[in-house]
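Written out below as structure tokens is the structure these notes cover.
What's counted below: heavy atoms across the whole structure, side chains too, no hydrogens, waters or symmetry copies. Just so it is clear, the structure is predicted and the values come from calculations on it, not from any experiment.
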Amino acid sequence: MDDFAAARQVRTANYLGLLSAANAARLAAEQCRRESSRQQRQQQQQEVLLRAAQVAEALGSWQQKRQIQSATESQARQQTVRDYAQGTREQLLTRHRIRLATGASDRLCREREQQQRRQATQQLLSQLASHREQASRQAAQERIAEVQSLALSIQDFLQVTAQQRHLQGEQQQQQRQQEAQLRQVMISQELQQIYAHRAAWAIASKQQRQQFCDGLHQSVWGSIAVTPGSSSITSPNPPVPNIASVKPVTGPTVAIAPPPPVVSVTAPAQERTVEEFILEYVAKLPNSPTLTQVLDERDVLRSLLAQGAITLGIDPSEIVKTLQTMADA
């Protein structure tokens with residue numbers, strides 16, 4: 001064990017010696033590299049300064065040459081412009097002289113051409129006037145002939161049309177007479193059906209009204225005592241028309257008579273009192289219902305009839321009739 005420990009110490013000492021030697025070598029190499037890079041930067045800076053001086057010297061000489069050259073070129077351009085302006089002035093003067101001479105000759109030529117055109121135009125106008133006069137005469141003759149032929153054709157057409165209208169009028173009159181006869185027969189049949197329906201409807205409505213009044217009378221007077229002095233007068237039911245005695249109406253116009261209304265025979269003061277009572281009672285109801293709505297509501301109508309029978313001392317049927325009359329109005 002001692003040998004192993006001693007060997008280990010020897011190895012550790014060797015390793016530390018090698019490590020220190022490697023670090024020293026690395027530091028020396030790093031210092032050499034830094035020194036060489038510093039020298040290289042100094043050389044590069046010197047070269048840049050040298051090149052900058054050379055470039056500045058070259059730019060100064062080139063700028064001087066350019067100024068001299070630009071002055072020489074400017075003088076040459078000025079001379080060229082003066083020569084070109086002189087030549088242009090001479091050319092313009094020459095062209096102006098040529099234009100004046102040409103304009104005079106052109107003016108003479110245009111005047112001659114205008115005279116020739118005037119003469120040709122006058123001849124052409126005279127020829128056109130003669131041709132137009134001949135054409136107008138021929139067109140007038142043609143129009144007269146066309147008007148005469150058109151008048152004859154219109155006259156023939158009117159005669160034929162008048163004959164056709166006369167025949168059509170006779171046929172239409174016959175057709176209208178037949179239609180009027182058929183309509184009279186249909187109207188008479190429909191009137192008979194209407195009278196039959198009205199008679200049946202009157203009988204049914206009379207029965208329903210009588211049943212309704214009996215039911216109301218029973219429901220109201222069954223639980224309420226009638227005052228001794230109360231009385232009511234009701235009008236008799238309207239007569240039902242006899243269908244067999246109705247004769248069909250023949251003719252172009254037929255008037256259909258409305259069915260006879262049902263009239264209740266009561267005193268004027270009492271009827272006004274019933275109407276006032278109905279209006280006051282309806283006005284006190286919530287939501288302000290109409291008279292038609294009161295007739296439709298059985299509970300409200302039963303309460304109205306009971307209170308009216310007690311207050312006015314009349315039969316509920318009179319109140320129902322008055323309420324129906326007011327609702328229909």
Please identify each residue that fulfils salt bridge (Lys or Arg N to Asp or Glu O under 4.0 Å) with Arg26, with sequence neighbours left out. none
How does the hydrophobic cluster around Leu158 look, that is, which other residues are in it when side-chain heavy atoms under 4.5 Å mark a link? Leu150, Ile154
Flag if over 12 foreign heavy atoms under 6.0 Å of CD, Gln138: no
Starting at CD of Gln293, measure out to CG of Leu291 and round the result to the nearest 0.5 Å. 9.5 Å
Distance-only donor-acceptor pairs under 3.5 Å for side chains of residues 10-23, two or more places apart:
residue : atom : partner : partner atom : Å
Thr12   : OG1  : Arg8    : O            : 2.9
Asn14   : ND2  : Val10   : O            : 3.1
Ser20   : OG   : Leu16   : O            : 3.2
Ser20   : OG   : Gly17   : O            : 2.7
Asn23   : ND2  : Leu19   : O            : 3.2

Test salt bridge (Lys or Arg N to Asp or Glu O under 4.0 Å) applied to Arg33 - qualifying residues, sequence neighbours left out: Glu30
Walk me through whether Met326 and Ile278 qualify under side-chain contact (heavy atoms from CB on, under 4.5 Å). CA-CA 9 Å; Met326 294 172 66; Ile278 290 172; 4.1 Å; yes
For Leu285, all residues meeting side-chain contact (heavy atoms from CB on, under 4.5 Å), sequence neighbours excluded: Tyr281, Pro289, Val294, Val300
More than 12 heavy atoms of other residues, nucleotides or ligands under 6.0 Å from CG of Asp299: yes or no? no
Spacing of Leu279 atom CG and Lys284 atom NZ [to the nearest 0.5 Å]: 12.0 Å
Is there a side-chain contact between Leu323 and Leu304, using heavy atoms and a 4.5 Å cut-off? yes
Of the non-hydrogen atoms in Arg298 and Phe212, which two are nearest, and what is the gap between them? NH1-CE1, 3.9 Å
Can you give me every donor-acceptor pair (side chain of residues 50-63, partner residue at least two apart or in another chain, under 3.5 Å) with its distance?
residue : atom : partner : partner atom : Å
Ser61   : OG   : Glu57   : O            : 3.4
Ser61   : OG   : Ala58   : O            : 2.8

Partners passing salt bridge (Lys or Arg N to Asp or Glu O under 4.0 Å) against Glu111 (at least two apart in sequence or in another chain): none
Hey, could you give me the CD/OG1 distance between Glu297 and Thr292, rounded to the nearest 0.5 Å? 12.0 Å
Below 3.5 Å, can you tabulate the donor-acceptor pairs from side chains in residues 40-47 to any protein atom, sequence neighbours excluded?
none

Rounded at 0.5 Å granularity, tell me how far CD in Glu179 sits from CE in Met186. 11.0 Å
Close side-chain approach of Thr290 and Val282, heavy atoms under 4.5 Å: no
Measure the CD1-CD distance between Ile319 and Glu275 for me, rounded to the nearest 0.5 Å. 12.5 Å
To the nearest 0.5 Å, tell me how far Trp201 CH2 sits from Gln208 CD. 9.5 Å
If the condition is salt bridge (Lys or Arg N to Asp or Glu O under 4.0 Å), which residues does Glu170 pass it with, not counting sequence neighbours? none
Could you list the donor-acceptor pairs under 3.5 angstrom formed by side chains in residues 78-100, with sequence neighbours left out?
residue : atom : partner : partner atom : Å
Gln79   : OE1  : Arg82   : NH2          : 2.8
Gln79   : NE2  : Asp83   : OD1          : 3.3
Thr80   : OG1  : Ala76   : O            : 2.8
Gln86   : OE1  : Arg89   : NH1          : 3.0
Thr88   : OG1  : Tyr84   : O            : 2.7
Thr94   : OG1  : Glu90   : O            : 2.9

By side chain to side chain donor-acceptor pair (under 3.5 Å) - contacts of Gln69 (at least two apart): Glu73
Side chain to side chain donor-acceptor pair (under 3.5 Å): which pairs involve residues 112-136, sequence neighbours left out? Glu133-Arg137
